[in-house]
Amino acid sequence: MRNHRGKPHRFGIRFKFAVLIGALVVALMVVDALWNIHLQQQQAENEACEKAEVLADQMRAVWDFIDINQNIVNRNEDGTFRTKTLVCVVAAKSVSMLFTNQTDYTIRFTSQTPRQAANAADEFEKRAFEAFAADPSLEAYYGVETDEAGQRVFRYLEPLYVTETCLECHGDPKGELDQYGYEKEGMRVGDIGGAMSIIEPMDIYAQGMRTSVFQQVFMVLLVLVLASVGIYAAMSRLVLGPLAGLGKAAKQIGKGDFAYRLSLDERHPDEITEFARDFDKMARRLERLCTDLESEVQSQTDKLSALNDLLLYQKAELKNALDRLSEETAYKNDFFAIMSHELRTPLTSILAFARILRASSTLDAKTQDAVDEIEANATLLLNMVNNILTISKAEAHRNELVCEPVDFVDLVGFVKSSLEPVAKSKDIALFARTDPDVPLSMADWEKLRRVVENLVDNAIKYTHAGGTVEVRVAFEKGDGAEPAGIDATGVGAEGAPGGAAGGVETGTRAGFVVITVADDGIGIAPEDQAGIFDRYRQAGSPRTAATAARGWGLPWSRNSPSCTGEASP
């Protein structure tokens, strides 16, 4: 198997599979060896326990034989006691000593209250006495441990219970000397008088256990190796071989060569065969796609070229339309400028003659009212013409400022005198007031007058008869922050047609000059206040002819330059 560079894989799938099988075999061998060792140890302990039980039964038989024949051994023919120092315990100990000396086994008798130091219980035997005391039904106590020499041994203890014949030497009264000169222990029938302790070396089982474990491990290893070789061969033939063929075919397809051949077992199909069939179907579809791709690319290229030509044509048409629109806009602005300029001359004359007539004292009341109406409407019409001229200049970007010192007393006085006839015609009281601390400021007198005049005109227009409109100029000291009620444009938050108040400001070094126009007219609804600076838009419901407006004032004032280079009203 080779990699994408044509070099053999350092760790191919066969190598990985072989390593996996080897690791699995080793793991199974280790598990099997440990399990066999465990089983052999269990079997060795069971055999040792069985041998210990047999030895204990034999020693108990000797004990019982001497115990049953005590009257024969230690009494005269007339029945009198004549000890020959051959009692059950002596006989059992003697036999056990002979057996211990002739074998590798150790048999001894121990007690919790030994009459001789050699019969004292060791640690294992003490644990056995505790176990017998805790469980009277326990017949034996055994286990494997390491002795003082470091050898593994099997320990086995059986309890020895007191019988009637034992009471002669170990019964009551406690402390009295028996026939052998030992103090009696005061035992009763059924008490544990001692225990038979048997020690077996485990080395006799080790060699057999090692041989058995080796044989079993060898057999398991042989079976696993044969099985692994068979599995590896089957895997190479059934899986790795077909995969190698598919890999070779994939490389040919990657180079554009579809003349590959797959070796498929059609007689016994399996998952690999199905996978190879699907791969072949995919390769054939890919071949058809590659064949048709060039023509498809050429077709799409032609379509893209046609779309690009259409886009260029539409771009040219759009440029021509924009050029025509710019020319029409220029014509419109020039038309507005010419018409406004031509209309101002007759309107100015009409307004002048109306003022001359109004100053005459020979007119009757009806004629005087007519003259006032002529003057008011002429003033309104002149303001409309001036607004048209200003808007056309602003849209043509020809709106320039003429900055000069402005006296706000004269400014608001001029506004009042020009709009007072309009206010009187609607029975509206017009007031103008300038605070004494208002300083002279640099501004465009004409444009500032027009802004204030538009605000006052709107206030008069949207105030009912009998109402009041007030223009006030005040000076607010500040630290550079906007004065209350004035936004970034300098127009009050309520400074809009029909609003309760409107204002403009111009900055000085010490603070702001604030012009406020307040009226008690209809006001602006909260939902309409967000759009008061939109061009050609009026707030509220449809207006009547008396209150119709064009929506020019606030948008123009917001976007006009200032003498400081910033936007201001």
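What's counted below: heavy atoms across the whole structure, side chains too, no hydrogens, waters or symmetry copies. Only a predicted model underlies this, so the values are computations on that prediction, with no experimental measurement involved.
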Would a 4.5 Å heavy-atom cut-off, applied to side chains only, mark Asp519 and Tyr462 as touching?
no
With distance as the sole test, does Asp435 use its side chain to make a donor-acceptor pair with the main-chain N or O of Asp437 at under 3.5 Å?
no
State the CG-CG distance between Asp309 and Leu304, to the nearest 0.5 angstrom.
9.5 Å
Point-to-point distance, once rounded to the nearest 0.5 Å, from CG of Asp372 to CG of Asn377:
11.0 Å
Apply side chain to side chain contact (heavy atoms under 4.5 Å, CB included) to residues Val412 and Arg472 and explain how you reach the verdict.
CA-CA 8 Å; Val412 297; Arg472 181 188 173 189; over 6 Å; no
Roughly how far, to the nearest 0.5 Å, is the CG atom of Asp410 from the OG atom of Ser417?
10.5 Å
Return the minimal non-hydrogen interatomic distance between Pro421 and Ser418, and the atom names on each side.
CD-O, 3.8 Å
What's the spacing between Thr362 OG1 and Gln368 CD if we round to 0.5 Å?
9.5 Å
Could you report the tightest heavy-atom contact between Ile460 and Leu419, atom names first, then the distance?
CD1-O, 4.0 Å
About how many Å separate CG of Asn454 and NZ of Lys461, when rounded to the nearest 0.5 Å?
8.5 Å
What closest approach, in Å, do Lys416 and Ala432 show between heavy atoms, and which atom pair accounts for it?
CD-CB, 3.9 Å
Using side-chain contact (heavy atoms from CB on, under 4.5 Å) as the criterion, list what pairs up with Lys303, not counting sequence neighbours.
Ser299, Gln300
Would you call Leu448 and Phe408 a side-chain contact if the rule is heavy atoms closer than 4.5 Å?
yes
Partner residues of Phe414 under the ring pair (Phe, Tyr, Trp, His ring centres under 6.0 Å) criterion, sequence neighbours left out:
Trp445
If the condition is side-chain contact (heavy atoms from CB on, under 4.5 Å), which residues does Asp302 pass it with, not counting sequence neighbours?
Gln298
Heavy-atom pair with the smallest gap, counting every atom of Val438 and Phe475:
CG2-N, 4.0 Å
Is the closest basic N to carboxylate O distance between Arg450 and Glu446 below 4.0 Å?
yes
Measure the shortest side-chain to side-chain distance between Lys424 and Leu430 over non-hydrogen atoms and say whether it is less than 4.5 angstrom.
no
Can you tell me how far the OG1 atom of Thr516 sits from the CG atom of Leu455, to the nearest 0.5 Å?
10.0 Å
Is it true that a side-chain atom of Thr301 and a backbone atom of Val297 form a donor plus acceptor pair closer than 3.5 Å?
yes
Here the pair of heavy atoms bringing Thr463 nearest to Gly467 is CG2-CA, 3.8 Å
Minimum heavy-atom separation for Val517 to Ala459, with atom names?
CG1-CB, 4.0 Å
